[in-house]
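All remarks here apply to the structure that follows.
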Amino acid sequence: MGTYKVHVATGNFFLAGTFSSISITLVGTHEESDKKLLDNCGKDFNPGAVEEFQLCCRRWLGDIVLVRLHKEPYSFYPTDNWYCSFVEVISPHGQTYRFPCYQWIEGYRTLELREGKGQTVCDDADCPLLLAQRQAELTHRRKCYGWKEYAPGLPRCLAVDNVIELDRNTMYSFTKSTNFLLRGVELRLKGFLSCTNSWAKLDDINKVFCFNKTPITEYVRAHWREDTFFGYQFLNGVHPMMIRRCTELPRNFPVTPAMVASSLGESSSLQDELEKGNIFLADYKILEGIPANTINGYQQYIAAPLCLLHLQPSRELVPIAIQLSQCPGPDSPIFLPSDSEWDWILAKTWVRYADFLVHESVSHLLLDEVFTLATLRQLPMCHPLFKLLLPHTRYTLHINVMARTMLLRRRGVIERGMGSGIEGTKVLMAKGMSCLTYNSLCLPDDIQERGVDCIPNYYYRDDGLKIWSAIESFVSGIVRHYYHSDAHVLADCELQAWADEIFREGFLGNEASGFPSSQQSIPELIKYLTMWIYCCSARHAALNNGQYEFGAWMPNFPASMRNPPPQAKGTSSLESYLDTIPEVNSTSNGLFALWVICCEPGDSRSLGTYPDEHFTEEEPKRLIAAFQGRLAQISQEIQERNKSLPIPYHYLDPLQIENSTSI
């Protein structure tokens, strides 16, 4: 006979405790204990409490490999939910076993928890009990998290229609939900949402969100007309992954040397600059044929421009030619910096509008939901990759369901203020999926393929590569700790099912994309995991966190255009410009959306922050500490560099990067 000490930790936040009856069963390698009620004097399982209970057993149980937590009704108390952080068991011989939980137990049920050591299915091959536990856990999860088609050609998504259908483990916390819902009051009180007139003058746009100015919003408002700032945004704005080096002009973009001679200077020519690698292209061909929306009863318009940029000797990137369609001809002139002021400003605004549409519908595709769902459905809690990836799935399902129900619904923000509307956005998203490649999501490959590895002052690239390297080093340590050969990777049937489900449900089995449907080796697995963690954290931060700062001054990042692209030069003026950009209420709708999705409503966890200790072994803990140390070093380097920049680039400062796509 011996006495086991059982420590049970309850989450330290609002409503984490429970009034339910909690019992436990210890399962050892020799036998299992009787079910034991966990009950001390007074109320147990209060928020933040770690409570000790005594459990007497008649015989030695062996090594404790499982605990079962039984949550059952107590007296007259109604059904509630309980957040259990972990269970710790100390044997009569002094051995300590830790069982990570870090999840809500909803209603009345029995939850089995594995001892914290990371175990692949191969590691459990000789233990039918543990194999059965893995399968039972995954069977339960697959019932909770099903797939459905949202729209043809798009990644499949979670089979729910509203956030109220989510379980507590995927839903926003009380703090995050409350702060999120409190937004928008001041905007509505201002009365901007009911005004369908054009802006009377440009300065009036500043009245919207005037209470939420930052140094960057003010810089954008002051410099938005400048060619150097226009070019800067291709490198360090909210969509810093659009341009590529141009070594030969596209046939449908007939820019002549004479057109750009004044932009290049007397000592060079277009051919010289092409050969030197100083010419870059932004091509929005993907927008061709996208149906346009109707807003306030008026038809909107979409163009598919081409924009040629030149890297000057001053190391600044500037536009030198813009064509607003993919079909050259008399009705599609090539606009130049030497054109009249408003012709050139309008042409650049059409490019910024095209960039907005591609950014929101293509680059911002909801891919992280696919990885999150596959992880929940195919990897049990004890799997080392589940432990690695779970922090990077936090709140992803909630924000994506919210995006579909708030943004992509009838009379939602997209329909009320975006030039592509709901149907056009779905078409554009499907086109984006059809041409998405694996390499485009792997930052080093993407930089190389676009030929932008040497362009100066490209802070997104510089900071991103540092973070990619830090993630890769961390992931490599974890993978190599648990997988000792390529054969071990191949033999992990749970891992292979996970990769296959992502390929089928997320990337729709498109082999041309280059996305792997299986994992064949340790290096392949390291790259794949690095790609996902980078995309759901750093890449998302780069695409998301600056939207309000660069878009608060609407002409810099308009969401719609109310007149067609000009078919001749010399037809633009300030008045026609104001009649083309979004009117007052659609401007307000768009800015409200940008503000909401950029301002973190609290309860955030920056990259590398892992308060939930899913890994219990020393080596993973050491790797986490090393990862956090490298991120702190990168953060310091970025902050030091930013001190000398007119526009600080802080979106890839690890302190500003969320662990997961949660907003």
Taking side chain as C-beta onward, heavy atoms only, is D653 less than 4.5 Å from S635?
-> yes
Between R539 and D446, does at least one N-O distance fall below 4.0 Å, as a salt bridge requires?
-> no
Does S586 reach the main-chain N or O of P582 with its side chain, forming a donor-acceptor pair under 3.5 Å?
-> no
Does the pair R409/D161 count as a salt bridge with the N-to-O cut at 4.0 Å?
-> no
Interatomic spacing from OG1 in T609 to CD1 in I624 - rounded to 0.5 Å | 11.0 Å
Do any N or O atoms from the side chain of Y460 and from the backbone of L652 form a donor-acceptor pair under 3.5 angstrom?
-> no
Taking everything shown except Q633 itself, do over 12 heavy atoms lie less than 6.0 Å from its CD?
-> yes
Does a side chain donor of either T18 or D80 reach within less than 3.5 Å of an acceptor in the other side chain?
-> yes
Can a cation-pi geometry be assigned to K426 and Y150, taking NZ or CZ under 6.0 Å from the six-membered ring centre and within 45° of the ring axis?
-> yes
Which is it for R109 and H70 under the side chain to side chain contact (heavy atoms under 4.5 Å, CB included) test, yes or no, and what are the steps along the way?
-> CA-CA 6 Å; R109 60 172 293 206; H70 312 277; over 6 Å; no
So, do L66 and R114 sit near enough that their side-chain heavy atoms are less than 4.5 Å apart?
-> yes
Distance-minimising heavy-atom pair for P380 and L138 = N-CD2, 3.6 Å
Nearest 0.5 Å please: distance from the OH atom of Y534 over to the CD atom of E472.
-> 12.5 Å
Where C84 and V8 come nearest, the two heavy atoms and their spacing = SG-CG1, 4.4 Å
Which pair of heavy atoms, one from T425 and one from L408, lies closest together, and at what distance?
-> CG2-CD2, 4.1 Å
Any P558 side-chain heavy atom under 4.5 Å of F356 side chain | no
Check whether the side chains of N544 and Y651 place a donor and an acceptor atom closer than 3.5 Å, and report yes or no.
-> no
Under the side chain to side chain contact (heavy atoms under 4.5 Å, CB included) test, which residues partner Y77, sequence neighbours left out?
-> F19, Y74, S75
Would you check if the side chain of T217 reaches a backbone N or O of K213 as a donor-acceptor pair within less than 3.5 Å?
-> no
Using only heavy-atom distances, determine whether the side chains of R416 and N589 contain a donor-acceptor pair under 3.5 Å.
-> yes
Would you say the side chain of F474 lies within less than 4.5 Å of the side chain of Q628, judging by non-hydrogen atoms?
-> no
Thinking salt bridges, do R98 and E115 make one under a 4.0 Å N-O criterion?
-> no
Pair S660, T393: side-chain N/O donor-acceptor within cut-off below 3.5 Å | no
Salt bridge or not for R68 and E112, using N-O below 4.0 Å?
-> yes
Nearest atoms (heavy-atom pairs only) where A16 meets W104 | CA-CH2, 3.8 Å
Residue pair H398 / T170, side-chain donor-acceptor N/O under 3.5 Å | no
Is a side-chain N or O of H359 found less than 3.5 angstrom from the main chain of L543, in a donor-acceptor match?
-> yes
Nearest-0.5 Å distance that lies between atom NZ in K387 and atom OG1 in T616 = 6.0 Å
Close side-chain approach of S537 to N659, heavy-atom, < 4.5 Å | no
Return yes if some donor-acceptor pair links the side-chain N/O of S588 with the main-chain N/O of V584 below 3.5 Å, else return no.
-> yes
May I ask you to say whether D463 pairs ionically with K466, meaning some side-chain N is under 4.0 Å from a carboxylate O?
-> no
dist S363:OG -> M241:CE (nearest 0.5 Å) comes out at 6.0 Å
With a cut-off of 6.0 Å (strictly less than), are more than 12 heavy atoms of other residues, nucleotides or ligands near NZ of K148?
-> yes
Check: H392/Y610 side-chain N/O donor and acceptor closer than 3.5 Å | yes
Give a yes or no on whether a salt bridge exists between D167 and R141, defined as a side-chain N under 4.0 angstrom from a carboxylate O.
-> no
Between T10 and W82, is any side-chain donor less than 3.5 angstrom from a side-chain acceptor?
-> yes
Measure the spacing between CD1 of I657 and OG of S604 and express it to the nearest 0.5 Å.
-> 12.5 Å
Any Lys/Arg nitrogen of E369 or R404 sitting under 4.0 Å from an Asp/Glu carboxylate oxygen of the other?
-> yes
Please check if the side chain of N556 supplies one atom and the backbone of F550 the other of a donor-acceptor pair under 3.5 Å.
-> yes
Can you tell me if E501 and Q378 form a side-chain donor-acceptor pair at under 3.5 Å?
-> yes
What's the verdict on salt bridge (charged side-chain N to carboxylate O under 4.0 Å, His left out) for R134 and E494, showing C-alpha distance, side-chain angles and the deciding distance?
-> CA-CA 10 Å; R134 301 177 83 101; E494 291 171 342; 2.6 Å; yes
For S473 and S469, indicate whether the former's side chain and the latter's backbone hold a donor-acceptor pair under 3.5 Å.
-> no
Audit row: F86, F99, ring pair (Phe, Tyr, Trp, His ring centres under 6.0 Å) steps and yes/no = CA-CA 6 Å; F86 62 84; F99 299 83; over 10 Å; no
Taking every non-hydrogen atom, the tightest pair across I502 and A374 = CG1-CB, 3.5 Å
Among N400, T661, D603, which residue meets the side-chain hydrogen bond (donor to acceptor under 3.5 Å, both in side chains) test with Y395?
-> D603
Does a donor on one side chain sit under 3.5 Å from an acceptor on the other, for N293 and E415?
-> no
Would you check, one step at a time, whether the test side-chain hydrogen bond (donor to acceptor under 3.5 Å, both in side chains) holds for R352 with Q233?
-> CA-CA 10 Å; R352 296 297 301 143; Q233 292 182 83; 2.9 Å; yes
Closest non-hydrogen contact found for A159 with W147 is CB-O, 3.8 Å
Rounded to the nearest 0.5 Å, how far apart are CD1 of I22 and CG of L69?
-> 7.0 Å
Salt bridge between R394 and D612, side-chain N to carboxylate O under 4.0 Å?
-> no
Would a line drawn from the ring center of F13 to the ring center of Y83 be shorter than 6.0 Å?
-> yes
Side-chain donor/acceptor of E51 to backbone N/O of F45, under 3.5 Å = yes
Would you mind reporting whether L38 and D44 have side-chain heavy atoms less than 4.5 Å apart?
-> no
Would T375 and W498 count as having a side-chain donor-acceptor pair, cut-off 3.5 Å?
-> yes
Residues E218 and T214: side-chain donor-acceptor under 3.5 angstrom | no
Under the ring pair (Phe, Tyr, Trp, His ring centres under 6.0 Å) criterion, do F503 and F515 qualify, and how do the steps go?
-> CA-CA 7 Å; F503 180 69; F515 280 90; 7.9 Å; no
Looking only at side chains, do E52 and H7 share a donor and an acceptor under 3.5 Å apart?
-> yes
Do the side chain of K71 and the main chain of S20 share a donor and acceptor less than 3.5 angstrom apart?
-> no
For the pair E423 and R410, find out whether any cationic side-chain nitrogen is under 4.0 Å from an anionic carboxylate oxygen.
-> yes
